[in-house]
Amino acid sequence: MKIERLIGILSILLQKETVTAPELAERFEVSRRTINRDIEDLCRAGIPVVTRQGINGGISIMDNYKIDRTLLTNAEMTDILAGLRSLDSINGTSRYELLMEKLSVGSSDFMKGDQSILIDLSSWYKSSLAPKIELIRTAIDHMMELKFFYYSPRGEAERIIEPYYLIFRWSSWYVWGWCKTREDYRLFKLNRMDKLEISGQKFKKRSVPLPDLSNERIFPGGIQVKALFEPSCKWRLVEEFGAGCFEEQPDRKLLFHADYTDKENLISWLISFREQVVLLEPDAVREEIRLTLEYMLEQYETKEP
């Protein structure tokens, strides 16, 4: 895109004494005529670009304009690169890192691979997520409706939405948009979407509120959990709830307290610990687990499924 190229040219000019039009043309893969037009555009924008003919000639910015030869500090550039690389990790490309290289030519040595921050947003579902993300981005950019089949705890149904934001939160990807079925804004998890396609129907952009992504809004809690875990579960409790979620007892068992959101998820989570946990409270969930385990025992005692 032209604006990206203009920013790249400006960055180069701020950080190199002189550069030639052929060098810029080769770097940005355009003609010399295009570079000449870009230089004219920069001049019209108020950037004092000068050109000199001859053996030592080239394109440069007037010396008295070079108060600061860097647009960003090394630390700022490193943070930006970490973020851009995290986007590349989604689909295994180097699109954003190449963009960063264009914006940072000659500025510092931070591109040499010695970064201290590495962010990887890819997941086990990379092969299925990457096409969805690209499709959703295309739909957002062109204001086109999305159609898909969605699986939720309340059932499955086809949905048509006006997509506005791609969101990465709670280790998962979501799309925020206006749902034509619910006639309201909804958050949809990409892993639950199937048969995703652009419907071909354009929409007029609304004044979109940002989604409320606070934990209290999405995970309101309400189930006060008290359970006793074996010492071997400590690492998992710390990883999932933090070191302050339990009290170590004299026999080294872990008395766990938490405010849980969803009863079904709570039961599934506790059962995943098998015999290493006993739920103490609430009584209603404790009874439901007992009945579930009795039913499971009957299923396993029966030879024929």
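Numbering of residues begins at 1 and proceeds along the displayed sequence. All values derive from a computational prediction rather than experimental measurement.
With ring centers used as reference points, F188 lies under 6.0 Å from F148.
Of the possible donor and acceptor atoms, one in the side chain of K202 sits under 3.5 Å from a partner among the backbone N and O of H142. Side chain of K132 to backbone of M193: a donor-acceptor contact under 3.5 angstrom is found. For S268 (side chain) and N265 (main-chain N/O), no donor-acceptor pair under 3.5 Å exists by modelled atom type. Listed for the Y150 side chain is a donor-acceptor partner under 3.5 Å among the backbone atoms of K189. At least one donor-acceptor pair under 3.5 Å links the side chain of Y164 to the backbone N or O of R206. Distance alone, capped at 3.5 Å, places no donor-acceptor pair between the E26 side chain and the E23 backbone. Formation of a donor-acceptor pair under 3.5 Å by the E248 side chain with backbone atoms of F246 is not found in this model. Although no hydrogens or angles enter the test, the distance criterion places a donor-acceptor pair under 3.5 Å between the side chain of W176 and the main chain of P209.
R5 approaches T34 most closely through the heavy-atom pair NH2-CG2, 3.5 Å. Contact detail for E156 and F149: the closest heavy-atom pair is CB-CE2, 3.6 Å. Contact detail for P163 and A139: the closest heavy-atom pair is CG-CB, 3.9 Å. Annotation for I223 and P282: closest pair CG2-CG, 4.0 Å, computed over non-hydrogen atoms. For K226 against L255, the heavy-atom pair with the smallest separation is CE-CD1, 3.9 Å.
Between I35 and D38 there is a side-chain heavy-atom pair separated by less than 4.5 Å. The side-chain heavy atoms of D259 and V225, taken from C-beta on, include no pair separated by under 4.5 Å. Proximity of C179 to D184: side-chain heavy atoms (C-beta onward) are nowhere separated by under 4.5 Å. A 4.5 Å side-chain heavy-atom check between I136 and L196 finds at least one atom pair inside the cut-off. The closest side-chain heavy-atom distance from L190 to I133 is below 4.5 Å. Using a 4.5 Å cut-off on side-chain heavy atoms (C-beta onward), T292 and I271 make contact.
Around CD of Q53, the count of heavy atoms belonging to other residues, nucleotides or ligands within 6.0 Å does not exceed 12. Within 6.0 Å of the CZ atom in R290, the count of heavy atoms belonging to other residues, nucleotides or ligands exceeds 12.
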*Evaluate the ring pair (Phe, Tyr, Trp, His ring centres under 6.0 Å) criterion for residues W269 and F241: first the C-alpha distance (whole Å), next the side-chain angles of each, then the deciding distance (0.1 Å), finally the verdict.*
CA-CA 13 Å; W269 181 70; F241 288 89; 5.3 Å; yes
Ring pair (Phe, Tyr, Trp, His ring centres under 6.0 Å) for F229 and W235? Distances and angles first, verdict last.
CA-CA 11 Å; F229 285 85; W235 67 272; over 10 Å; no
ask   = Do R192 and S152 pass the side-chain hydrogen bond (donor to acceptor under 3.5 Å, both in side chains) test, and can you show the C-alpha distance, the side-chain angles, and the key distance before you say yes or no?
value = CA-CA 7 Å; R192 295 182 186 172; S152 73; over 6 Å; no
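Electrostatic pairing of D41 and R44 counts as a salt bridge here, judged by a charged N lying under 4.0 Å from a carboxylate O. The pair R37-E40 does not count as a salt bridge, with every side-chain nitrogen at least 4.0 angstrom from each carboxylate oxygen. Of the charged side-chain nitrogens involved, none lies within less than 4.0 Å of a carboxylate oxygen, so that R286 and E281 do not count as a salt-bridged pair. With respect to the salt-bridge test (charged N to carboxylate O, under 4.0 angstrom), the residues K180 and E162 do not qualify. Remark: R236 engages E240 in a salt bridge, criterion side-chain N to carboxylate O under 4.0 Å.
No continuous path of hydrophobic side-chain contacts links L146 to I160 [ILVMFWY only; heavy atoms under 4.5 Å].
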